[in-house]
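Below is one structure; the comments refer to it alone.
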Amino acid sequence: MNNRLMKGSLAALLSMLAANAMAAQEVTVYTAFETDILAKYKSAFEKGNPDVTIKWVRDSTGIMTAKLLAEKSNPHADVVWGLAGSSMALLKEEGLLKPYTPKGVDELNANLNDPQSKQAWFGNDAFFNAVCFNEAVAKQLNLPKPTSWEDLTKPVYKGHIAMPNPASSGTGYMQVSAWLQNMGETQAWDYMQRLDQNIAHYTHSGSKPCVQAGMGEVAIGISMASRGAKLKTQGAPLDVIVPKGIGWESEAVGLVNETDAAKRVVDWSVSKAANELYVEMYPVVGHKEVKATVSNFPNVQDVMAKMDFAKMGSERAKVLAAWSEKFDAKSEPKS
């Protein structure tokens, strides 16, 4: 082989190796997004960023938050994307999230973002709770339609309600927080004690109580409004009810590892293109220009609880310890 040919072959080989090295940039993203939307977000990001691959690590909010805190001295995540704002506030306080201003931040709704200085997390969407009520099961069992939180403590609903365990699920924790912050602590714990009398079981997933209500396994699921709307649109015999004082929270993104590839994931996650995917499931998203009507989604504007996300983060351990001591006996086994 002559010298020129050898040099050409070597250059081609080095070029191929460089291309492969670029293609091998893997970003580990910890998330609590619902499992059925992860592939869509990954595909859309990688289409515009072919040299970066997302590796999802997914679990429910409580478990993911605990995992991140346990790995604090040796973080495995590069990005946290799709985790509750209260968890993000706690992760920032613990030094896991790095202050970072993504491209396009001026186009975002400020009320979903980190309210503190040196911002470290930014809202992708707002998610809301609801009461998923199976009208077919209710008719069979002669159960009246509940319209308030107090209604759910009536003896007629004994054994017919499922709710997420707040230690496992952000959906559960934000509703417990809404009760505590809006009823006052004494009244809220008394309320939860009375509600517990009617609970069939606590799940480890925020969407599961609504799925169970949709399938008729329980009559009522305190759960995610977006899941209730989706199931109703698919034909489940559900009424998606929002009592006054419904829990809600921002679902957000933040940077853990300050690499270029990780920053590109964060930048894309707040982009208009990403928000156009979020809005397919969530009617309230981070980008000011992206709006849509989600079929069968309840009108939450007038019934939203007042939520202090920093307080939710700082009081999380204390609240969950108290809740678990009182109510964990009815939790489903962890799979």
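Just so it is clear, the structure is predicted and the values come from calculations on it, not from any experiment.
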Test side-chain hydrogen bond (donor to acceptor under 3.5 Å, both in side chains) applied to Glu280 - qualifying residues, sequence neighbours left out: Lys40

Please, which pairs that meet ring-ring contact (aromatic ring centres under 6.0 Å, His included) have at least one residue in [range], sequence neighbours excluded?
range            : value
residues 214-236 : none
residues 197-245 : Tyr202-Trp323
residues 277-308 : Tyr41-Tyr278

Per-pair distances, 0.1 Å, donor-acceptor, side chain in residues 157-164, under 3.5 Å, sequence neighbours excluded:
from: Tyr157; atom 1: OH; to: Pro144; atom 2: O; distance (Å): 2.5
from: Lys158; atom 1: NZ; to: Gln197; atom 2: O; distance (Å): 3.1

Does any N or O in the side chain of Thr65 come within less than 3.5 Å of the main-chain N or O of Ser87, such that one atom is a donor and the other an acceptor? no

Under 3.5 Å, side chain of Lys98 to main-chain N/O of Asn257, donor-acceptor pair present? no

Test item: Tyr191 and Glu150 side chains (from C-beta on) under 4.5 Å apart, heavy atoms: yes

Restricting to side-chain contact (heavy atoms from CB on, under 4.5 Å), what partner residues turn up for Thr28, sequence neighbours left out? Tyr30, Lys55, Val57, Asp78

Residue pairs involving residues 248-316 (criterion disulfide bond (SG atoms under 2.5 Å apart); sequence neighbours excluded): none

Only pairs at least two apart or in different chains count here, so list each disulfide bond (SG atoms under 2.5 Å apart) that has a residue in residues 42-135. Cys132-Cys210

Not counting sequence neighbours, which residues clear salt bridge (Lys or Arg N to Asp or Glu O under 4.0 Å) with Lys72? List them please. Glu94

Mind checking what makes salt bridge (Lys or Arg N to Asp or Glu O under 4.0 Å) contact with Glu289, not counting sequence neighbours? Lys272

Could you name each residue pair satisfying side-chain hydrogen bond (donor to acceptor under 3.5 Å, both in side chains) that touches residues 174-185, not counting sequence neighbours? Asn129-Gln175

Tell me every residue that passes ring pair (Phe, Tyr, Trp, His ring centres under 6.0 Å) with Phe309, counting only those two or more places apart in sequence or in another chain. Trp248

